[in-house]
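Naming: A, B, ... by sequence-line order, numbering from 1 per chain.
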Protein chains: 2
Amino acid sequence: MLFVAARDVAGKSAVVLAQAGLGRAHARALHFIARYPGLSVAELLGFLKITKQSLNRVMGDLLAGGFVERKTGMQDRRTRSLQLTPAGKVLADAVWSAQRPMIAAAFKAAGQEAVGGYRKVLIGMAGDPERWRKNS
Amino acid sequence: MLFVAARDVAGKSAVVLAQAGLGRAHARALHFIARYPGLSVAELLGFLKITKQSLNRVMGDLLAGGFVERKTGMQDRRTRSLQLTPAGKVLADAVWSAQRPMIAAAFKAAGQEAVGGYRKVLIGMAGDPERWRKNS
DNA sequence: TATTTATGTCAGCATGTCTGACGTAAAAAG
DNA sequence: CTTTTTACGTCAGACATGCTGACATAAATA
């Protein structure tokens with residue numbers, strides 16, 4: 001069920017992404033950059049759990065498409081600070097808008113209490129998003 | 001979180017599958033065949049939502065490895081009835097054993113009530129597994 | 001100054017997905 | 001009983017996304 005739910009939620013964004021010439025890998029990177037603005041490449045790699053080579057192909061597309069901005073880090077000038085451009089925000093919003101109705105419907109049908117349990121179990125499996133960044 | 005949880009749960013089975021020379025695509029097919037013994041190719045395609053060409057490469061490996069048995073359907077002789085061989089059951093068990101601890105830990109940590117909510121929400125997004133077969 | 005760290009890049013490979021075209025056997029429709 | 005549709009199999013080629021290995025550069029650190 002986890003697989004099916006994740007696949008179907010991700011699938012909702014396919015059309016929006018295809019219009020931008022992007023795929024699901026791009027959406028995932030976009031998501032984490034949107035969620036943690038200014039994160040470093042190493043942090044992003046930690047979230048995605050892919051290699052830097054894989055990420056850099058994806059990042060190249062996002063940079064070329066003007067969806068993401070890459071700046072030299074402030075404290076440590078070796079790092080790169082990643083954040084969405086306005087166009088990236090628009091795209092991330094569009095992706096979310098495509099997925100939200102499905103999630104909202106499931107949440108509404110299940111009820112608020114069920115959603116709490118749902119989150120609790122997912123935190124057990126995926127870790128608490130609130131602590132994701134620090135733990136990395 | 002859905003994505004991370006699904007990825008991490010699926011990841012647990014990587015070692016077991018690699019020993020059998022298989023990948024995650026094989027595991028998914030194996031799972032549905034284990035869950036719905038005797039299902040037809042069309043039904044399996046409906047679950048996996050991939051093309052028959054993609055499935056057939058995976059099925060070829062499973063048949064060659066002796067994990068799955070393919071028989072001519074009884075009522076409709078055009079269909080193929082798929083089921084696990086003993087070796088397939090052993091493999092499916094091994095995969096499940098690799099994933100179970102992670103899921104069990106999350107369930108235990110969240111509590112029985114939370115698990116109920118978790119299931120309710122997933123049913124909202126993925127559909128009720130009890131009805132998956134009929135709805136297809 | 002030497003080393004380590006954070007990142008980028010090239011080259012090639014594996015997996016899993018896709019589209020398109022074609023073939024066959026069996027069921028269903030006429 | 002002929003025709004069409006259905007369920008499946010297969011070949012060929014392509015794309016997306018992951019991987020390993022090797023190497024380069026700039027900045028921090030020892």
B:Asp76: what forms a side chain to side chain contact (heavy atoms under 4.5 Å, CB included) with it, not counting sequence neighbours?
->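 Result, side chain to side chain contact (heavy atoms under 4.5 Å, CB included) vs B:Asp76: B:Arg78, B:Thr79.
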
How many Å lie between [atom1] on [X] and [atom2] on [N], as a whole number?
| X | N | atom1 | atom2 | result |
| --- | --- | --- | --- | --- |
| A:Lys71 | C:dT7 | NZ | P | 16 Å |
| B:Met59 | C:dG16 | CE | C1' | 16 Å |
| A:Leu45 | D:dT20 | CG | C1' | 15 Å |
| A:Asp61 | D:dG18 | CG | P | 12 Å |
| A:Arg7 | C:dG16 | CZ | C1' | 14 Å |

Distances under 3.5 Å between protein N/O atoms and the N/O atoms of nucleotides 24-30 of chain C, please, pair by pair.
{"unit_1": "C:dA26", "atom_1": "OP1", "unit_2": "B:Arg77", "atom_2": "NH2", "d": "3.3"}
{"unit_1": "C:dA27", "atom_1": "OP1", "unit_2": "B:Arg77", "atom_2": "N", "d": "3.2"}
{"unit_1": "C:dA27", "atom_1": "O4'", "unit_2": "B:Arg78", "atom_2": "NE", "d": "3.4"}

Comparing B:Ser40 and A:Arg28 on DNA chain D - which has the more 5′ nearest nucleotide |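 Looking at DNA chain D, the more 5' nearest nucleotide goes with B:Ser40.
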
Quick check for you: to the nearest 0.5 Å, what is the distance between [X] atom [atom1] and [Y] atom [atom2]?
| X | Y | atom1 | atom2 | result |
| --- | --- | --- | --- | --- |
| A:Arg70 | A:Met59 | CZ | CE | 5.5 Å |
| A:Lys52 | A:Arg57 | NZ | CZ | 15.0 Å |
| B:Leu82 | B:Leu63 | CG | CG | 8.0 Å |
| A:Leu48 | A:Ser54 | CG | OG | 10.0 Å |

Between B:Thr51 and C:dC18, does any side-chain N or O lie under 4.0 Å from OP1 or OP2?
->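 Yes, such a contact exists.
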
Determine: side-chain N/O of A:Ser54 to OP1/OP2 of D:dC19, distance under 4.0 Å, yes or no.
->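 Checking D:dC19 against A:Ser54, a side-chain N or O does come within under 4.0 Å of OP1 or OP2.
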
Apply side chain to side chain contact (heavy atoms under 4.5 Å, CB included) to the pair B:Leu62 and B:Leu22, showing each step before the final yes or no.
-> CA-CA 8 Å; B:Leu62 291 174; B:Leu22 303 174; 3.9 Å; yes

Which atoms form the tightest heavy-atom contact between A:Gly124 and B:Ala106, and what is the distance?
->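 Closest approach of A:Gly124 to B:Ala106, heavy atoms only: C-CB, 3.7 Å.
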
So do the side chains of B:Trp96 and B:Leu91 get within less than 4.5 Å of each other, counting heavy atoms only?
->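 No, too far: nothing below the 4.5 Å cut-off.
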
Within a strict 4.5 Å, meaning less than it, do heavy atoms of the A:Met125 and B:Ile103 side chains meet?
->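 A side-chain contact exists here, since the closest heavy-atom pair is under 4.5 Å.
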
Can you pull every protein N or O that's under 3.5 Å from an N or O on nucleotides 9-16 of chain D?
{"unit_1": "D:dG9", "atom_1": "OP1", "unit_2": "B:Arg70", "atom_2": "NE", "d": "3.2"}
{"unit_1": "D:dG9", "atom_1": "OP1", "unit_2": "B:Arg70", "atom_2": "NH1", "d": "2.6"}
{"unit_1": "D:dG9", "atom_1": "N7", "unit_2": "B:Lys52", "atom_2": "NZ", "d": "3.3"}
{"unit_1": "D:dG9", "atom_1": "O6", "unit_2": "B:Lys52", "atom_2": "NZ", "d": "2.4"}

